[in-house]
Amino acid sequence: MDADFLNAFTQPAALNKFLVENVITPGEKRKLIKPTSSNNPKLEELKLLLIDWINTTLKEEHIVVKSLEEDLYDGLVLHHLLENLGSLKLDVDKIALTEKKQRQKLSVILEAVAKCLQLEESQLKWSVEAILAKDLLSTLHLLVAIAKHFQPSLAFPPNVHVETITIENTSKGLKTANGVEYITGSKENSEEQSNDAFDELFSRAPERLDDVKKVFLQFVNQHVGNLGLNVKDMESQFADGVILLLLIGQLEGYFLNLRDFFLTPASTTEMLHNVNLALDLLTDGGLLNFSVNSEDIVKGDLKTTMRVLYCLYSKYKAKET
């Protein structure tokens with residue numbers, strides 16, 4: 001078992017409980033929400049919104065959903081929801097008691113969803129086995145896709161994202177990879193929404209890139225210099241999220257408790273935690289109105305880093321002395 005797998009959890013008890021509840025069979029590969037993201041307020045807001053939407057839609061049928069994981073896996077609620085929303089008549093039994101029947105029912109339902117939403121298999125972020133296994137990430141992706149198609153006016157909380165861990169049970173043991181996944185927002189629509197001067201700069205005027213970097217570096221150092229910091233490389237020095245957090249704290253007047261972030265992050269997981277915290281602060285402060293993939297910043301993607309810095313620069317540049 002590699003070190004990153006252990007670092008993904010805050011307490012040994014959480015790790016043991018996670019492994020007991022999520023058995024990964026030999027040859028299987030699954031992407032799951034980390035326990036560290038389970039109490040994410042935005043995730044909870046999205047779950048409550050979806051539960052309320054389902055219960056309102058199925059009120060006349062006297063169906064009440066309390067848990068997305070426990071109440072949707074057998075296909076009964078999904079069956080009623082699709083027939084109610086899309087007037088779809090699905091050739092399946094109303095109630096499937098055995099796992100075999102549930103799997104068959106889910107297969108018909110999900111095939112109908114893909115056809116109705118005009119999605120190719122490669123575009124699906126859920127599967128029969130994942131829904132049947134009560135996988136929350138897959139269930140959320142499925143419900144959001146259905147809701148966006150049948151009720152586009154539903155006001156989703158923006159940029160809901162979670163830290164994930166992909167676990168593969170290989171012949172050499174468990175192989176893992178950490179990541180961040182957007183549920184209401186993505187790297188792709190972030191780039192669409194941000195089709196701005198930075199795209200023009202990188203594609204049409206790369207010779208001016210150094211000049212823009214100097215302006216940003218001057219701005220950053222002006223505000224973190226009193227902390228004894230000096231930023232020279234935008235790609236590498238923002239990758240762990242520390243300087244970004246300290247910059248936000250200086251500009252926005254936040255007191256950042258050292259227990260809330262990693263001052264000297266020792267792993268990608270800790271770096272992602274820092275960057276996600278910084279992005280949450282910017283979003284909550286109304287400075288970030290487009291989704292950002294935190295992995296891009298950790299990987300040192302210059303365009304993404306500059307876009308995030310511009311959110312602060314555009315607000316505070318007038319206050320420079």
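Every value quoted in this text rests on a predicted model; they were computed, and no experiment measured them.
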Can you check whether [X] reaches [Y] side chain to side chain, under 4.5 Å on heavy atoms?
X: L110; Y: L142; result: yes
X: D296; Y: T305; result: no
X: C116; Y: F150; result: yes
X: L124; Y: V113; result: no
X: Q102; Y: L132; result: yes
X: L143; Y: L78; result: yes
X: L137; Y: K31; result: yes
X: T268; Y: K299; result: no

For a side-chain hydrogen bond (donor to acceptor under 3.5 Å, both in side chains) with S294, tell me which candidate from N276, T304, D280 qualifies.
N276
Contacts table for residues 233-243: side-chain donor-acceptor under 3.5 angstrom, sequence neighbours left out:
{"from": "D233", "atom 1": "OD1", "to": "E235", "atom 2": "N", "distance (Å)": "3.0"}
{"from": "D233", "atom 1": "OD1", "to": "S236", "atom 2": "N", "distance (Å)": "2.9"}
{"from": "D233", "atom 1": "OD1", "to": "S236", "atom 2": "OG", "distance (Å)": "3.3"}
{"from": "Q237", "atom 1": "OE1", "to": "K232", "atom 2": "N", "distance (Å)": "2.5"}
{"from": "Q237", "atom 1": "OE1", "to": "D233", "atom 2": "N", "distance (Å)": "2.8"}
{"from": "Q237", "atom 1": "NE2", "to": "N230", "atom 2": "O", "distance (Å)": "3.3"}
{"from": "D240", "atom 1": "OD1", "to": "V242", "atom 2": "N", "distance (Å)": "3.0"}

If you look at every heavy atom in [X] and [Y], which pair is closest and at what distance?
X: T184; Y: V160; result: OG1-N, 2.9 Å
X: L49; Y: A155; result: CD2-O, 3.5 Å
X: S67; Y: L72; result: O-CD1, 4.2 Å
X: R30; Y: A133; result: NH2-CB, 4.2 Å
X: D71; Y: K66; result: OD2-N, 2.7 Å
X: E270; Y: A266; result: OE1-N, 2.7 Å

Ring pair (Phe, Tyr, Trp, His ring centres under 6.0 Å) partners for Y310, two or more places apart:
F198
Who are the ring pair (Phe, Tyr, Trp, His ring centres under 6.0 Å) partners of H80, not counting sequence neighbours?
none
Give the C-alpha distance, both sets of side-chain angles, the deciding distance and a yes or no for side-chain contact (heavy atoms from CB on, under 4.5 Å) between K47 and E69.
CA-CA 10 Å; K47 289 168 65 176; E69 299 98 310; 4.1 Å; yes
Show your reasoning for whether side-chain contact (heavy atoms from CB on, under 4.5 Å) applies to L251 and F219.
CA-CA 11 Å; L251 292 170; F219 168 74; 3.8 Å; yes
Kindly write out the residues that satisfy side chain to side chain contact (heavy atoms under 4.5 Å, CB included) with [X], not counting sequence neighbours, or none if the list is empty.
X: I51; result: N55, V65, L68
X: L256; result: L245, Y254, F261, L281
X: T283; result: K42, L288
X: K100; result: T98, Q104

To the nearest 0.5 angstrom, please state how far the [atom1] atom of [X] sits from the [atom2] atom of [Y].
X: T57; Y: D52; atom1: OG1; atom2: CG; value: 9.0 Å
X: C311; Y: I248; atom1: SG; atom2: CD1; value: 9.5 Å
X: L312; Y: F216; atom1: CG; atom2: CZ; value: 9.5 Å
X: K125; Y: H141; atom1: NZ; atom2: NE2; value: 5.0 Å
X: L279; Y: N159; atom1: CG; atom2: CG; value: 9.0 Å
X: L43; Y: E45; atom1: CG; atom2: CD; value: 10.0 Å

Going by salt bridge (Lys or Arg N to Asp or Glu O under 4.0 Å), name the pairs with one or both residues in residues 246-256, residues two or more places apart or in two chains.
E252-K315
Would [X] and [Y] show up in the same hydrophobic cluster when neighbours are defined by side-chain heavy atoms closer than 4.5 Å?
X: L309; Y: L227; result: yes
X: I297; Y: F262; result: no
X: I33; Y: L48; result: no
X: V162; Y: V144; result: yes
X: L154; Y: L58; result: yes

Kindly write out the residues that satisfy salt bridge (charged side-chain N to carboxylate O under 4.0 Å, His left out) with R103, not counting sequence neighbours, or none if the list is empty.
E99, E129
Answer yes or no: are there more than 12 heavy-atom neighbours, outside E120 itself, under 6.0 Å from its atom CD?
no
Of all pairs that satisfy ring pair (Phe, Tyr, Trp, His ring centres under 6.0 Å), the ones with a partner from residues 153-179, not counting sequence neighbours
H161-Y182
Show your reasoning for whether side-chain contact (heavy atoms from CB on, under 4.5 Å) applies to W53 and L81.
CA-CA 10 Å; W53 168 65; L81 186 64; 4.0 Å; yes
Only counting residues at least two apart or in another chain, list the ones meeting side-chain hydrogen bond (donor to acceptor under 3.5 Å, both in side chains) with E60.
none
Partner residues of K213 under the side-chain hydrogen bond (donor to acceptor under 3.5 Å, both in side chains) criterion, sequence neighbours left out:
none
Test side-chain contact (heavy atoms from CB on, under 4.5 Å) on V215 and Y313 and set out the steps.
CA-CA 10 Å; V215 172; Y313 175 78; 3.5 Å; yes
